[in-house]
S.K.: 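Below: one structure in structure tokens.
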Amino acid sequence: MPEKYHPAELEPAAQQHWEQTAAARAVEDTTRPKYYCLSMFPYPSGKLHMGHVRNYTIGDVLSRFHTMLGYNVLQPMGWDAFGMPAENAAMQNNVPPAAWTYQNIEYMKKQLKSLGFAIDWQRELATCTPQYYHWEQWLFTRLYEKGLVYKKLGTVNWDPVDQTVLANEQVIDGCGWRSGAPVEKREIPMYYMKITAYAEELLAELDNLSGWPEQVRLMQKNWIGKSVGVRFAFPVVYPGKAGTNLPSPALSPGLSPKGREEASDFPLPQGEGSREREGVGGEGGEAALPDKLWVFTTRADTIMGVTFCAVAAEHPLAAHAAKNNPQLAAFIEECKQGGVAEADLATMEKKGMPTGIFVTHPLTGEQVEVWVGNYVLMGYGEGAVMAVPGHDERDFHFAQKYGLPIQQVIGEKGEGGSEKGFSTEAWEDWYASKEGYCVNSGKYNGLAYEAAVDAIAADLAAKGLGEKKVQFRLRDWGISRQRYWGCPIPIIHCPTCGDVPVPDDQLPVVLPENVEITGAGSPLARMPEFYECTCPLCGGKARRETDTMDTFVESSWYFLRYCCPDNATAMVDERVHYWFGNGGVDQYIGGIEHAILHLLYSRFWTKLMRDVGLFGDLKLDEPFKNLLTQGMVVAPTFYRENAEGKKQWINPAEVDLKTDERGRPVGATLKADGQPVIIGGTEKMAKSKNNGVDPQALIDQYGADTARLFIMFASPPDQSLEWSDAGVEGGFRFLRRLWKAVFEHVQVGIVAACTSSDGLPGAQADLRRKLHQTIAKVTDDYGRRKQFNTAIAAVMELLNAADRTELAGATGRALAQEVLEAAVLMLFPIVPHIGQALYGYLQPGADAGKTVFPKCDESALKQDELELVLQVNGKLRGAIRVGATADKATIEAAALANEAAQKFMEGKPAKKVVVVPGRLVNIVV
RNA sequence: GCCCGGGUGGUGAAAUUGGUAAACACAAGGGACUUAAAAUCCCUCGCUUAACAGCUUACGGGUUCGAUUCCCGUCCCGGGCACCA
């Protein structure tokens, strides 16, 4: 055994050993319990960053731990290989996206291998290969036939200069990131997946996901947003025709009464299809002129306080009103400015303009004016809202701004039972409370929230103007992307047959790999050799769809494909039954930033695949049994602005940071030129902000084990971690100390490990107790708590205690052997390379990774005496020693007799004595 | 703006079910060894105080014998918001 720890020699040797013994190969074996340990696959951005190291180390620790517990472990890895950065890189460096991606995969795979993860590389997959996306296209066509995929208009960010659709990330302060031109909203036809059809199940199943963090379940619940409310209508009164619900004949010439009838309710009545605006060709705006304005509200109890209504700029009523009103038309144009991101819409200034159109309040018969509001979204709900400024904060401020009436219709009792005062001058939070009762509401006065909603809904229903309705916040999933580097949508547009799904024998629709990326429009739409095709139904000339799918689609089922990545004839096969038996993936690990979208879409796709019948008799409703959401690894961001005011992000490694005496940053300069840079926020490591830290330097200098140990020791996995390499040195030092301890023991000679505390001298019995306490704690930390920093600390404590214990004699040598073997095995999941080597020296010929995890010897934990903390009035005043079996009375007596206790009781009698068994005694005087 | 988290020494953090706040480390300071350096080992290390002791878990309240932990409010930081992945 070498005297010194040399990771550079020992790590490749250990990795070679695992490769030769196929240690990580996972083979279906029904005689053993399986453990499917899944980490979120990376986007091949170029290099691993610390977030990856953290994620995959957690996965590897759990995988290796469960292997040592006897499970048949599967730990796969793959590449989420489609996406925007490849197109950006193509534009910047003139590399085709495919070549760039495969190059990145190759490098990152090498990095992953150098970290020693026990990954079954035979199951590796990349989503950009036809072998993978073939099945995504196949399922798409099945879903299209089932009506679970449909087409409607959707709103996107449009860059009028680059003539291209932008991602929300590419819209900066309302302008296109490359052109700098103000972005506009534009409606284009897109394919949607009907996730709303599964809203109820996606919500209900959250309650069964007991292995998921409460936080994530809550976020998904709020995202789905089930609410029960009332959908009702305001009959529309057109100018000059007060008192009629019908459009003026002058405004809609040539429309027969029957046609009017059919076109009446707009948007379409309730039901899943109600918000689909089918196709692009619906130019007959006049025909769609509504005679009722439908809205949805969860606050029907405030209906008597409606003083105006607001519709989206794209609402047909708005368009109609704008025809003879150039000012309104200009305002509607203004509303189309800016992007579509909800965060921007929610924080922008609320603006509106009256349409001159009035609607009739369905209960009071009063005339209520319709406004166009920039904060009302066409794609959400009915594209129209009732406004109750008295009891909705946004409406309140809107009404104040435009001088619209504010009417109190809900009252509440304050402290002492007096009525709370309502003022139209200043908003107070209780105005929006559901705790009050109706006032100024005629027959509804005095009713509390639920009773009022019920009564009002019943009255609306009686008039045929509304009913109670369940509504979800969740919207259908738009999957069309006007981009190149994605999975082609397998649809053929035929002038005679319409949209035709590509038949199975023509799948996959292969994405051409040699293209020119210009950043303006989709390259596929400029490639006749791609889009020119014949209709599979009629054989006529047709055009292939050139949009690709949202990359979230690939990541919604990759975990199923890992079971059978080699199957060329089916999406999944019976191997799924083995790995997804017993409730699915046993442990899924990934960043908390995926709490909603990725995890919800994956749940959805699993249900879709189930309902297409792909799982046979396997009961699989949810893909992930246990979920560990790791906190993000965050790092500071730095940038400079160029002449056009665009931000150039600078990597933290290239920056010198100056701090004040309290450690707060006061300035930063670029190392290269010494000139100042601007300090941005601390954010998750991301390519777009160039604040990723490459772990390679760390691995090169200290080895994989130190990198793994350090990142596990830095903080618990679910906590976000601000990156700093201070302390890496300490991790390396610990491994060196561990090596030295084993070396010195082996030098004297290995012996059989101690197996019992019988006959051990006191100090050695104490150490052995500490050992088995540590085993119990580490097992619990790995298994139940999934908190690895405390497991490492516990082993450090154990080794510190061993250092302080005399272990020279025969019993001591045996105990030292037991302690060292256990310590090495306990650390093995975290630092497997050094563990593999050291265990080989302690147990020649043994393979640490195939050794059973140490078991706690309960008999070693026994103690005759316990120390209890002594408190007087809750303050620490000393300690008492009592027999391990002492009863409450004995403990009380010992506590009261204690000198320190008597001093702080100052002669007063004890009012009460609280005894917490095994912990403390508190004397209350 | 809305939804979800977080805030404990100079730093990363620990305290698992309401029961000793600061375990385990890092950094710093002092010492030993050394011609010297590195490495290693030992000691000190929340704040106030000469000491006794008092104070301390972002801030302000509350519940409790006892609160980092539970409740209410405030501030700050991070994540998500449907086309970053």
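Numbers restart at 1 for each chain; the letters A, B, ... are given by sequence-line order, proteins then strands.
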S.K.: Is any side-chain nitrogen or oxygen of A:R736 closer than 4.0 Å to OP1 or OP2 of B:U40?
M.R.: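 Yes, A:R736 has a side-chain N/O under 4.0 Å of OP1/OP2 on B:U40.
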S.K.: Is A:Q719 close enough to B:G6 that one of its side-chain N or O atoms is under 4.0 Å from OP1 or OP2 there?
M.R.: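 So the side-chain polar atoms of A:Q719 never come under 4.0 Å of the phosphate oxygens OP1 or OP2 of B:G6.
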S.K.: Checking understanding here: a glycosidic angle within 90° of 0 is syn, the rest anti, so what is B:G9?
M.R.: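 Nucleotide B:G9 adopts syn.
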S.K.: Answer with base, sugar-phosphate or nothing: what part of the nucleic acid does A:P716 contact at a heavy-atom distance below 4.0 Å?
M.R.: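 Since only primed, P, OP1 and OP2 atoms lie under 4.0 Å of A:P716, the category is sugar-phosphate.
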S.K.: Would you say A:Q787 reaches B:A15's phosphate, i.e. side-chain N/O to OP1/OP2 under 4.0 Å?
M.R.: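 For B:A15, OP1/OP2 do have a side-chain N/O of A:Q787 under 4.0 Å.
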S.K.: Look at A:K875 and B:C55 and indicate whether a side-chain polar atom (N or O) is within less than 4.0 Å of OP1 or OP2.
M.R.: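 Checking A:K875 against B:C55: at least one side-chain N or O falls below 4.0 Å of OP1 or OP2.
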S.K.: When you measure from the side-chain N and O atoms of A:N789 to the phosphate of B:A14, is any distance below 4.0 Å, counting only OP1 and OP2?
M.R.: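 Yes, within the criterion.
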S.K.: Base, sugar-phosphate, or nothing: which does A:V171 touch, judged by heavy atoms less than 4.0 Å apart?
M.R.: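 No contact at all - A:V171 keeps every heavy atom at 4.0 Å or more from the nucleic acid.
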S.K.: Tell me if the side-chain of A:N222 makes a donor-acceptor pair with the base of B:C3, cut-off 3.5 Å, by modelled atom types.
M.R.: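 Flag unset: no donor-acceptor pair detected.
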S.K.: Taking any heavy-atom pair under 4.0 Å as a contact, classify A:V165: base, sugar-phosphate, or nothing.
M.R.: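 The residue A:V165 makes base contact.
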S.K.: Judged by each residue's nearest nucleotide on RNA chain B, which is more toward the 5′ side, A:M632 or A:A167?
M.R.: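 Nearest nucleotide further toward 5': that of A:M632.
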S.K.: Please give the distance between the C1' atoms of B:A14 and B:U57 as a whole number of Å.
M.R.: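 Taking atom C1' in both B:A14 and B:U57, they lie 12 Å apart.
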S.K.: Can you find a donor-acceptor N/O pair under 3.5 angstrom joining the side chain of A:Q482 to the base of B:C83?
M.R.: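 Indeed there is one.
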S.K.: Say we look at B:G46 and B:C84: how far apart would their C1' atoms be, to the nearest angstrom?
M.R.: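 42 Å, rounded to whole Å.
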S.K.: Name the nucleic acid region contacted by A:G731, choosing base, sugar-phosphate or nothing; use a 4.0 angstrom heavy-atom cut-off, strictly under.
M.R.: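 Touches nothing.
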S.K.: Please report the distance separating the C1' of B:C81 from the corresponding atom of B:U16, rounded so that it comes out in whole Å.
M.R.: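 Those two atoms are separated by 34 Å.
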S.K.: Indicate whether OP1 or OP2 belonging to B:A53 is found under 4.0 Å from a side-chain N or O atom of A:K903.
M.R.: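 Affirmative; the distance criterion is met.
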S.K.: Are OP1 or OP2 of B:U20 and a side-chain N or O of A:R877 less than 4.0 angstrom apart?
M.R.: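 No.
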S.K.: Contact class for A:Q215 (heavy atom, under 4.0 Å): base, sugar-phosphate, or nothing?
M.R.: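 If one applies the 4.0 Å heavy-atom cut-off, A:Q215 turns out to touch the sugar-phosphate alone, with no base involved.
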S.K.: NA contact type, A:T347, heavy-atom cut-off 4.0 Å: base, sugar-phosphate, or nothing?
M.R.: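 The answer is base, as A:T347 lies within the cut-off (heavy atoms under 4.0 Å) of a base atom.
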S.K.: Taking any heavy-atom pair under 4.0 Å as a contact, classify A:V869: base, sugar-phosphate, or nothing.
M.R.: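 Counting heavy atoms under 4.0 Å across all strands, the contact made by A:V869 includes a base.
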S.K.: For RNA chain B, whose closest nucleotide is more 5', that of A:E214 or that of A:R919?
M.R.: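 Checking each residue's closest nucleotide, the 5'-ward one belongs to A:E214.
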S.K.: Taking B:A51 as the reference, what is the distance to B:C65 when you measure between their C1' atoms (whole Å, please)?
M.R.: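 Each nucleotide's C1' atom is 30 Å from the other's.
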